[in-house]
Amino acid sequence: MSDLGSEELEEEGENDLGEYEGERNEAGERHGHGKARLPNGDTYEGNYEHGKRHGQGVYKFKNGARYMGEYVQNKKHGHGTFIYPDGSRYEGEWADDQRHGYGVYYYINNDIYTGEWFAHQRHGQGTYFYAETGSKYVGTWVNGQQEGAAELIHLNHRYQGKFFNKNPVGPGKYVFDIGCEQHGEYRLTDVERGEEEEEEETTMMTVVPRWKATKITELALWTPTLPEEQPPADGPGAEEALETEGGGEPSEEGQALADGSEGETDSMRPGEDDGEGSREEGREDFRYDTVDQGIVSFEEEENKQSEPPE
């Protein structure tokens, strides 16, 4: 949903025009606290400095919009709240009359964006809550668009991957609350749409992201393991025995055997060739065997929030 700041409401300049009631400096400029009714029907009440809005103030537009916050040299700058004519509002930081920094935008349809802004647009890290579905996008934004690594959270599952121009692209996975993950990737596919104009049929191509599933696995949970305590051995230890037999320092052959045993231990660590084979065999029951079923669209996947994979 677009931010209503695009239909920017410009505030009237001062220039000693309109009606004013308040403090002035020795030069006759509006300086200090005052009230003003501007020629275009807007009103302002707050602080002035050398004839310009500066500091805390409330600016009311004749169409019902209003700004309550900080000013610097007639411009919204600092922290402030802007309520737009349709009732939506922005609460957060401003710079040079633009939403800039951290802020929250409450939309008229009850959607909410919380995060970073740059030059009046959603930019940086932010969360967008969709009131109609209860879903939310948590990730990065670039110039008002969803772009970069993110997580799209639904009521009973979530999608983790990358986005570009509001669409998921490339590898990712769906994580379901029932305890499994569906891995795959989104591929951009051209979809033909026929339209008839002036009795001539033309074909338009639309790029749509489609989900290609590859496999289903168990949830990848991490379980910490504590080292087991070794019981004390009876009698002299291995080191003492070596010292007794070798007369103090271990021999070169003993040192070579010790080094070789370390190398063998490293080669048998979990995650290497032998371990991978056993894990692959145990994963067969969860492998997604419907890769050839075809591809489904992102919109279709969105509508299947409550349907776990078969």
Item to check | Presence of salt bridge, D97 and K75, under 4.0 angstrom | outcome: no

Next on the checklist: I need the full list of salt bridge (charged side-chain N to carboxylate O under 4.0 Å, His left out) pairs touching residues 126-154, with sequence neighbours left out, sorted by first then second residue.
Outcome noted: E151-R158

Item to check | Qualifying salt bridge (charged side-chain N to carboxylate O under 4.0 Å, His left out) pairs with a residue from residues 167-183, counting only residues at least two apart or across chains | outcome: K173-E181

Checklist outcome for this item: Contacts of E91 meeting salt bridge (Lys or Arg N to Asp or Glu O under 4.0 Å) (sequence neighbours excluded), chain-then-number -> R89

Item to check | Listed partners of E185 passing salt bridge (Lys or Arg N to Asp or Glu O under 4.0 Å), at least two apart | outcome: R187

Checklist entry - Does I153 sit in a hydrophobic cluster with other residues, and if so which ones, taking ILVMFWY side chains as linked at heavy-atom separations under 4.5 Å, directly or through other members? => result V138

Checklist entry - Would you call Y84 and Y105 a side-chain contact if the rule is heavy atoms closer than 4.5 Å? => result yes

Checklist entry - In terms of the angle between their ring planes, are W211 and Y159 parallel, tilted or perpendicular, with boundaries placed at 30° and 60°? => result perpendicular

Next on the checklist: My understanding is that only residues two or more places apart in sequence, or in another chain, count here; which of them pass ring pair (Phe, Tyr, Trp, His ring centres under 6.0 Å) with H31?
Outcome noted: H50

Checklist entry - Considering residues at least two apart in sequence or located in another chain, which fulfil the ring pair (Phe, Tyr, Trp, His ring centres under 6.0 Å) criterion with Y20? => result Y48

Checklist entry - Are the side chain of Y106 and the backbone of N109 linked by a donor-acceptor contact shorter than 3.5 Å? => result no

Checklist entry - Y90, I112: one ILVMFWY side-chain cluster at the under-4.5 Å cut-off? => result no

Residues which pass side-chain hydrogen bond (donor to acceptor under 3.5 Å, both in side chains) with [X], listed by chain and number, not counting sequence neighbours:
X	result
N47	none
K162	none
Q146	Y130

Checklist entry - So, for T114 and Y102, which heavy atoms are closest and what is the spacing to 0.1 Å? => result CG2-OH, 3.0 Å

Checklist entry - Partners of F118 by side-chain contact (heavy atoms from CB on, under 4.5 Å), sequence neighbours excluded? => result H100, H123

For residues 32-39, which side-chain N or O atoms pair as donor and acceptor with protein atoms under 3.5 Å away, sequence neighbours left out?
none

